Number of protein chains: 2
Amino acid sequence: MSEPSSPVESFSGKKAADIVGISYRQLDYWARTDLIRPSVADAHGSGTRRRYSYRDLLELKLVKTLLDNGIKLESIRKAFAYLREQLNEDLSAAKLVMVGNSAVLVRENDELIDVVNRYQGQGVLNLLALDGVQSEVDAAIVELFPSEGDEGEAEAGDADDAGGPARPAAEGGS
Amino acid sequence: MSEPSSPVESFSGKKAADIVGISYRQLDYWARTDLIRPSVADAHGSGTRRRYSYRDLLELKLVKTLLDNGIKLESIRKAFAYLREQLNEDLSAAKLVMVGNSAVLVRENDELIDVVNRYQGQGVLNLLALDGVQSEVDAAIVELFPSEGDEGEAEAGDADDAGGPARPAAEGGS
DNA sequence: CCAGATCGTGACACCGGCGTAATTCCGCCG
DNA sequence: CGGCGGAATTACGCCGGTGTCACGATCTGG
């Protein structure tokens, strides 16, 4: 997964939940209530399949991390209104700053010091380094679905569940 | 209220809730579930009276501020396990830092820069300047109960509801 | 094509947190 | 002392969030 941003990679709902470390129920609820919907393919009835992109996984993991650190889901929803456009598939140098209900991604350390110095006490300032979020997603992909992790993106087409419905499953990875 | 730390000052439950800006229900729930109990006098049956100290008000206001900024009550409970001993009646130079479920009060700016620089990305770092918390409590006391605010602590004995049951009510302040 | 696996869906339950309202009881004051 | 005001208490409800389970529908692989 040295190049995790393969545009053809996608994950089933169950796999996404496993990788991110949340229950399927949570994933379903978040999708239904428009927090994080699957960007590759959405459900359109019982038995159909959601498909989540790698970027979706990062977003899901971010939500989980914020929840685990005591932030209300309601507030995370509000923050994502600001965040959605700023998130991409490389979070290794990014830090998330949330003040009140707004959120901004900071990518330069100077910028971060500036934000903290400009903090004048108006409410709580939340700070989260996103490299940990990304590395945990990457590690979970490698650990839970080694055929996706071991082979790298060059073999992504062979991976079960990773290439979308047009790709034949090369082995029973799931 | 230039000297807000008068040890004889106390507030009824309703007044405390008004000053802090929460519902009586919230105040009651937080007292019953041991988040912030009234330190001067606790309830011991229907019709009896809770009495909150000025310091209790600061704690209540801190809880409200954290809630308003999206922190879960459950996490605030955990943070207070660490915080209780560190809070006093002068928060003007203090900043609260919460990482994971632990919390620490920082009073020197150097110390704060140190904490932020030492932040290595393990979870969310929450930062809150407490001078705003305190000044809002002080302002609310002055605004809502001027006899307590206008006269200062020298006249606290004359204030309705501020001196405890042994003090006669000088005027219908409530 | 078909059987079985897997997925999404619906339903119900539980819990925490808090709103609303009625009731009971205490404390204060005349 | 008694009446009354106000406080705490109790009860029920709602909502968001999530756990658990059964069921129907779609998808996949042989």
Side-chain angles (χ1 to χ4, degrees), chain A residues 10-18 20-38 40-52 63-64 66-68 70-78 160-174, chain B residues 10-18 20-38 40-52 60 63-64 66-68 70-78 160-161 163-174:
Chain A
S10 67
F11 302 84
S12 70
K14 183 170 191 306
K15 285 213 170 164
D18 289 342
V20 170
I22 58 176
S23 67
Y24 185 84
R25 183 76 181 87
Q26 283 178 297
L27 183 86
D28 188 40
Y29 180 72
W30 298 350
R32 288 171 181 285
T33 53
D34 296 320
L35 177 55
I36 309 287
R37 301 201 75 107
V40 176
D42 207 346
H44 46 276
S46 174
T48 63
R49 314 284 150 132
R50 294 184 177 111
R51 308 278 333 155
Y52 288 87
V63 174
K64 175 168 187 340
L66 292 170
L67 279 179
D68 287 349
I71 313 292
K72 297 181 193 173
L73 192 65
E74 170 195 351
S75 297
I76 295 166
R77 289 184 190 281
K78 288 172 183 164
D160 178 42
D161 232 6
R167 294 260 177 37
E171 40 91 15
S174 58
Chain B
S10 68
F11 301 85
S12 71
K14 184 172 191 303
K15 286 213 168 166
D18 289 342
V20 170
I22 59 177
S23 67
Y24 185 84
R25 183 77 180 87
Q26 282 177 298
L27 182 86
D28 189 40
Y29 180 72
W30 298 351
R32 288 173 180 284
T33 53
D34 296 321
L35 176 56
I36 308 287
R37 300 200 74 107
V40 177
D42 208 347
H44 46 277
S46 175
T48 63
R49 313 286 152 130
R50 294 184 177 111
R51 308 280 330 161
Y52 287 87
L60 290 169
V63 173
K64 175 171 189 327
L66 292 170
L67 279 180
D68 287 348
I71 313 292
K72 297 181 191 173
L73 191 64
E74 171 195 351
S75 298
I76 295 165
R77 290 183 188 281
K78 288 172 185 166
D160 178 42
D161 231 8
R167 296 260 176 35
E171 40 91 19
S174 57

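Naming: A, B, ... by sequence-line order, numbering from 1 per chain. What you see is a predicted model; the values in this text were computed from it and never measured.
Listed nucleotides: D:dT10, D:dA7, C:dT9. Nearest to the side chain of B:R49: D:dA7.
By the 4.5 Å heavy-atom criterion applied to side chains, A:R51 and A:S12 are counted as neighbours. By the 4.5 Å heavy-atom criterion applied to side chains, A:L73 and A:V63 are counted as neighbours. Side-chain contact between A:L67 and B:K72 is present, with heavy atoms from C-beta onward closer than 4.5 Å.
A:F11 places its CZ atom 18 Å from the P atom of C:dT6, with the value rounded to the nearest Å. Summarising the geometry, the separation between CG on A:L67 and P on D:dG16 is reported as 16 Å, rounded to the nearest angstrom. Between the NZ atom of A:K72 and the P atom of C:dC15 there is a distance of 21 Å, given to the nearest Å. Taking atom CZ on B:R51 and atom C1' on C:dG27, their separation rounds to 12 Å, with Å as the unit. Rounded to whole Å, atom C1' of C:dC7 lies 12 Å from atom CZ of A:R32. Note: CZ (B:R77) to C1' (C:dG16) measures 9 Å, nearest angstrom. If you take CZ of B:R50 and C1' of C:dC25, they are 14 Å apart, rounded to a whole angstrom. When rounded to the nearest whole Å, the span between CG of A:L73 and P of C:dG17 equals 15 Å.
Side-chain atoms of A:R77 come within 3.5 Å of backbone N or O of A:T33 as a donor-acceptor pair. The closest donor-acceptor contact from the side chain of B:R50 to the backbone of B:D42 lies at 3.5 Å or more, if one exists at all.
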Are there any protein N/O atoms within less than 3.5 Å of an N/O atom in nucleotides 19-23 of chain D, and if so, which ones and at what distance?
from: D:dG19; atom 1: OP2; to: A:S23; atom 2: OG; distance (Å): 2.7
from: D:dG19; atom 1: N7; to: A:R25; atom 2: NE; distance (Å): 3.2
from: D:dG19; atom 1: O6; to: A:R25; atom 2: NE; distance (Å): 3.2
from: D:dG19; atom 1: O6; to: A:R25; atom 2: NH2; distance (Å): 3.4
from: D:dT20; atom 1: O4; to: A:R25; atom 2: NE; distance (Å): 3.4

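For the atom pair A:R49 CZ and A:H44 NE2, the distance stands at 10.5 Å (nearest 0.5 Å).
Looking at heavy-atom distances under 4.0 Å, B:L27 makes no contact with the nucleic acid at all.
The shortest distance between the side-chain N/O atoms of B:W30 and the OP1/OP2 oxygens of C:dC18 is below 4.0 Å. An OP1 or OP2 oxygen of D:dG17 is reached within less than 4.0 angstrom by a side-chain nitrogen or oxygen of A:Y29.
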Apply side-chain contact (heavy atoms from CB on, under 4.5 Å) to B:L27 and B:V20, showing your working.
-> CA-CA 10 Å; B:L27 182 86; B:V20 170; over 6 Å; no
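The residue among B:G45 and A:E74 whose nearest nucleotide of DNA chain D lies closer to the 5′ end is B:G45. The residue among B:T33 and A:H44 whose nearest nucleotide of DNA chain C lies closer to the 5′ end is A:H44.
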